[in-house]
Amino acid sequence: MSLPHAILTALLERPSSGLELTRRFDKSIGYFWSATHQQIYRELGRLEEAGLIRALPSEGPVRGQKKQYEVLPGGSAELARWVDERQDPKPMRDALLLRIRAAAVVGPQGLAAELRRHLELHRAQLAEYEAIEAKDFPAGRNADSDRLRRLVLHGGIALEGFWLSWLEEALAEVEDMTGPGTSGPGAPAGA
């Protein structure tokens, strides 16, 4: 996925200003494709230069008013082309996995505490996804766009379930090597 396609998707859902896009990224697309405020504004300029989006005409004086953007037919065509394109899965890059691999060489000191922290973070993320599902996808809503959005959300829920299961297994392994409740050699948890 690329940022231009994420922005085109968001703008096709609803014309928005750069600030509104940033907020929407934080609440939806940002769960699986993050971007900073500056990256979004930079990309809006590129998309506008490429003729894929345009700023909507303002109703009043432009000074101090947020530009609202909409997708032009060329932008819709580009997004449709991209959806149809083949793309291979990307390798996972996660620092925690690399840290565990390093711990195999230097020892698992402090790793149990970090695994517990990650467990809590993933539990919180799962709870957030489940709250979104309850709020945004009540029973009986079956529009095609809702079905596909829910499918993405279910992917996030399943991924969090995987992380919880794997982190519990990893924590059990590390505690078996270092002793339960330790965050380092001989140190109690939280030390």
Side-chain angles (χ1 to χ4, degrees), residues 1-10 13 18-44 79 82-83 85-137 146-191:
M1 177 185 252
S2 67
L3 182 56
H5 298 104
I7 290 173
L8 288 171
T9 299
E13 290 173 339
L19 181 60
E20 290 166 338
L21 278 173
T22 300
R23 289 179 180 146
R24 288 173 58 207
F25 263 69
D26 288 344
K27 293 180 181 175
S28 62
I29 292 174
Y31 288 116
F32 54 90
W33 192 264
S34 62
T36 66
H37 188 76
Q38 292 84 4
Q39 289 172 316
I40 290 171
Y41 273 95
R42 207 171 22 247
E43 201 56 53
L44 284 170
L79 191 59
W82 180 76
V83 166
E85 186 178 83
R86 284 181 54 168
Q87 186 172 20
D88 294 334
K90 301 287 183 220
M92 183 189 314
R93 290 177 48 159
D94 189 293
L96 181 62
L97 297 175
L98 184 56
R99 290 173 71 189
I100 292 171
R101 180 72 185 253
V105 178
V106 298
Q109 306 86 324
L111 196 52
E114 184 65 357
L115 291 170
R116 280 188 214 95
R117 188 177 77 81
H118 276 256
L119 259 169
E120 290 311 310
L121 292 170
H122 283 285
R123 283 184 183 124
Q125 188 64 68
L126 178 59
E128 189 172 340
Y129 286 160
E130 289 171 340
I132 290 169
E133 183 174 35
K135 179 179 139 284
D136 292 349
F137 300 104
D146 283 347
R147 291 172 60 192
L148 295 176
R149 286 184 188 108
R150 178 181 268 161
L151 184 63
V152 172
L153 181 60
H154 282 184
I157 289 169
L159 189 56
E160 292 306 321
F162 158 78
W163 278 114
L164 290 174
S165 174
W166 183 84
L167 284 162
E168 288 167 355
E169 177 186 354
L171 183 58
E173 289 288 335
V174 169
E175 286 180 339
D176 186 52
M177 293 183 324
T178 62
T182 60
S183 59

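Under the ring-ring contact (aromatic ring centres under 6.0 Å, His included) criterion, no residue pair touches residues 88-116, with sequence neighbours excluded.
The shortest non-hydrogen separation linking Ala10 to Arg24 is O-NH2, 2.7 Å. In this structure, Ala112 and Leu171 approach most closely via the heavy-atom pair O-CD1, 3.6 Å. Leu8 and Leu79 get closest at one heavy-atom pair: C-CD2, 4.1 Å. Across every non-hydrogen atom of Ser2 and Trp33, the tightest pair is CA-CZ2, 3.7 Å. Nearest heavy atom pair, residue Ala6 against residue Ile29, reads O-CD1, 3.7 Å. Here the closest non-hydrogen pair linking Glu43 and Ile7 is CB-CD1, 3.5 Å.
Classified by interplanar angle (parallel below 30°, tilted 30° to 60°, perpendicular above 60°), the ring pair His5/Trp82 is parallel. The aromatic rings of Trp163 and Trp166 lie perpendicular to each other, with more than 60° between the two planes, well past the 30° mark.
To the nearest 0.5 angstrom, Thr22 atom OG1 is 10.0 Å from Gln39 atom CD. Residue Ile40 holds its CD1 atom at 6.5 Å from CG of Leu3, rounded to the nearest 0.5 Å. Note: Glu169 CD to Leu115 CG = 11.0 Å, rounded to the nearest 0.5 Å. Separating the OG atom in Ser34 from the CG atom in Asp26 is a distance of 9.5 Å, to the nearest 0.5 Å. A distance of 11.5 Å separates NE2 of His37 from CZ of Arg42, quoted to the nearest 0.5 Å. Annotation: the span from Leu126 atom CG to Glu130 atom CD amounts to 4.0 Å, rounded to 0.5 Å.
Using a 4.5 Å heavy-atom threshold, the side chains of Arg150 and Arg147 count as separate. Counting heavy atoms from C-beta on, the side chains of Leu153 and Asp136 never come closer than 4.5 Å. Contact annotation: the side chain of Leu44 approaches that of Leu21 to within less than 4.5 Å [non-hydrogen atoms, C-beta and beyond].
Listed for the Tyr41 side chain is no donor-acceptor partner under 3.5 Å among the backbone atoms of Thr36. Between the side chain of Ser165 and the main chain of Gly161, no donor-acceptor pair closer than 3.5 Å is present.
Of the charged side-chain nitrogens involved, none lies within less than 4.0 Å of a carboxylate oxygen, so that Glu120 and Arg117 do not count as a salt-bridged pair.
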